[in-house]
Asks: 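Next up is a structure, given as structure tokens.
Bear in mind that the values here come from a model prediction, so they are computed numbers and not experimental data. Atoms within a ligand are numbered from 1 in the order they appear, just like the ligands themselves. The first residue of the sequence shown is numbered 1, and numbering continues consecutively from there.
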Amino acid sequence: MENFNIPETMKAMTLVAYDKLQLATVPVPKPGPGEVLCRIKSVAICGSDPKMIHGDYAWTNWPPYYPFIMGHEWAGQIVALGEGVNDFKVGDRVAGEAHVGCGKCDNCKKGHYTVCLNYGKDGHDGGLDMGHRHYGFYWQGANAEYNVYKTSALHIIPDNVSYDVAAMTDCAGVAFHGVEMAGVTPGGTCVVIGPGPIGLCAMQECKALGAARVIVVGRGAKLEKARELGADVCIDFEKEDPVQRVLELTNGIGADEVMECSGAADSPMKACKMARKTGKVALIATYHAGDVMIPANTVNFNELTIVGSKANPNVSEQVLHFFSTGAIQGDKLVTHTFPLEDYEKAVDIFEHKKDGSIKVVINP
Ligand SMILES: [Zn+2]
Ligand SMILES: [Zn+2]
């Protein structure tokens, strides 16, 4: 067994107020029963991270306190085991999930642990600790040299997958959960709206599941990236009407499935309008405009199925396999890497899509 020298303190990037980040020296956390200590190697910045920094989640408990360590799309190495851990060993390379359900409620028992009925019940408020965790959102995250995780959040990384790519397990999994919920018609036509990191993963996943043709709706460098990664048709929504174009491409019938990954307020409407009768629409994005319009009569008359998709339950093993086989070309999605000290710069490049950035990864 490898022996790791674990220090008493570590560097961590902390959020100390909205729009205020600070590099701090904090204690290295100790793993409790069923938990392990991980040396964090890579953390990918998620679309939700800049929003949390700006205070866009003030309506939730994210962040729950200051200073708070964010970061939830991560990969690293296990360096110490807590009491009773026998499913992992020191030295294992692992990728993390943000959600750990309570394991006891009806939803968790059915496998739907990202919609755990005991969300947030961690005992912090003097209430019951039901064991729920949401790392990097209301529980300490990965923007640090070390963090402690329950082993149910962890998955072994295949040998040929790097830490930087494995850090996208969460992101690719969010895409894959939606893609699985909508289903993919083998030999059919899928549309992916919004070629950000999640949409680019969804596009490659639709192909892996047997779609004959994947149409991507977007613009700029990200649409070019979709083309480079194998999109069959790219529609620039600034130059043409995506609904009309999809109908043209499908002889007026519409797409079998539409994966809505853009989060634009008018995209769910468009997604429904470009789906075929009995088609499926997956809402994978988050809508910061709040409630958005759905064409109820189209849904009704065309017997559309709209599925909501929350995070990435039970898909990590599959997406790690996709990274390993190259079905998802992870190394083409990681465009930038930075040390922890440059986190603010990294967020700026990611958030403002500077320098052709797709996925920006921090190496603490
Ligand atoms: Zn994320
Ligand atoms: Zn639960």
Asks: Carefully, step by step, assess Phe322 and Cys201 under the rule side-chain contact (heavy atoms from CB on, under 4.5 Å).
Replies: CA-CA 10 Å; Phe322 283 150; Cys201 287; over 6 Å; no
Asks: Taking the Zn ion (ligand 1) as the reference point, name the nearest N/O/S atom of His72.
Replies: NE2
Asks: May I ask you to check whether Cys171 brings an N, O or S atom to under 2.8 Å from the Zn ion (ligand 1)?
Replies: no
Asks: Indicate whether the side chain of Asp56 and that of His288 have a donor and an acceptor atom separated by less than 3.5 Å.
Replies: no
Asks: To the nearest 10 degrees, how large is the angle at the Zn ion (ligand 2) between Cys108 SG and Cys102 SG?
Replies: 120°
Asks: Among the N/O/S atoms of Glu73, select the one at the shortest distance from the Zn ion (ligand 1) and name it.
Replies: OE2
Asks: Counting C-beta onward and ignoring hydrogens, is there a side-chain heavy-atom pair between Asp256 and Lys280 closer than 4.5 Å?
Replies: no
Asks: For the ring-ring contact (aromatic ring centres under 6.0 Å, His included) test, which of His72, His132, His99 pairs with Phe137?
Replies: His72
